[in-house]
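Take a look at the structure set out below.
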Amino acid sequence: IPPELGNLASLGQRHLAENELRGTIPPELGNLASLRLLLLGHNELMGSIPPELGNLASLEHLSLNSNELTGSVSPEMGNLVSLQYLHLAENQLM
């Protein structure tokens, strides 16, 4: 996932599920203040969930399931006040 996606300030939805994406989730995605939907499930993403995603106050739907994510869910994720759906299954999260 290119970090430059974090520059698309007006982006409201990002559907990248089932694309065989590899690597880590760029912390720059936390800059997408208008983002309401982020679907990254069923890829090969690894590493931790960036705490910067907690900046996405408009986010309603976050799907990171079926990847290779590790670590724990950061306290910053508690800042997602608009979140209605969170799918983290099938990772190696603590």
(request) Kindly give the heavy-atom pair with the smallest separation between Pro51 and Ser74, and that separation in Å. (result) CA-OG, 3.5 Å

(request) Kindly indicate, with the supporting measurements, whether the criterion side-chain contact (heavy atoms from CB on, under 4.5 Å) is fulfilled by Leu69 and Ile25. (result) CA-CA 9 Å; Leu69 299 172; Ile25 299 171; 4.1 Å; yes

(message) I need the Leu62 CG to Leu40 CG distance, nearest 0.5 Å.
(response) 7.5 Å

Side-chain donor-acceptor pairs of residues 78-89 under 3.5 Å, sequence neighbours excluded:
unit_1	atom_1	unit_2	atom_2	d
Asn79	ND2	Glu76	O	3.3
Ser82	OG	Ala57	O	2.8
Tyr85	OH	His87	ND1	3.1

(message) How long is the straight-line distance from OG of Ser63 back to CG of Leu38, given to the nearest 0.5 Å?
(response) 8.5 Å

(request) Would you mind listing every ring pair (Phe, Tyr, Trp, His ring centres under 6.0 Å) that reaches into residues 17-36, with sequence neighbours excluded? (result) none

(request) Only one of Leu29, Leu8, Leu5, Ile1 passes side-chain contact (heavy atoms from CB on, under 4.5 Å) with Arg14; say which it is. (result) Leu5

(message) Going by ring pair (Phe, Tyr, Trp, His ring centres under 6.0 Å), name the pairs with one or both residues in residues 21-58, residues two or more places apart or in two chains.
(response) none

(message) How close do Pro27 and Pro50 get, counting heavy atoms only, and between which atoms?
(response) CA-CB, 3.9 Å

(message) Going by the rule side chain to side chain donor-acceptor pair (under 3.5 Å), which residues pair with Glu90 if we only count those two or more places apart in sequence or in a different chain?
(response) Ser66

(message) I need the Thr70 OG1 to Ile49 CD1 distance, nearest 0.5 Å.
(response) 9.0 Å

(request) Give the minimum heavy-atom separation between Pro3 and Pro26, together with the two atoms involved. (result) CA-CB, 4.0 Å

(message) When you compare the side chain of Arg36 with that of Gln13, does any pair of heavy atoms fall below 4.5 Å?
(response) yes

(request) With sequence neighbours excluded, give me every side chain to side chain donor-acceptor pair (under 3.5 Å) pair touching residues 43-57. (result) Arg22-Glu44

(request) Under 4.5 Å between side-chain heavy atoms, chaining through other members, with only Ile, Leu, Val, Met, Phe, Trp and Tyr counted: pull out the rest of the cluster around Leu37, sorted by chain and number. (result) Leu39

(request) Would you name the heavy atoms of Asn91 and Asn65 that are closest together and state the gap between them? (result) ND2-CA, 3.8 Å

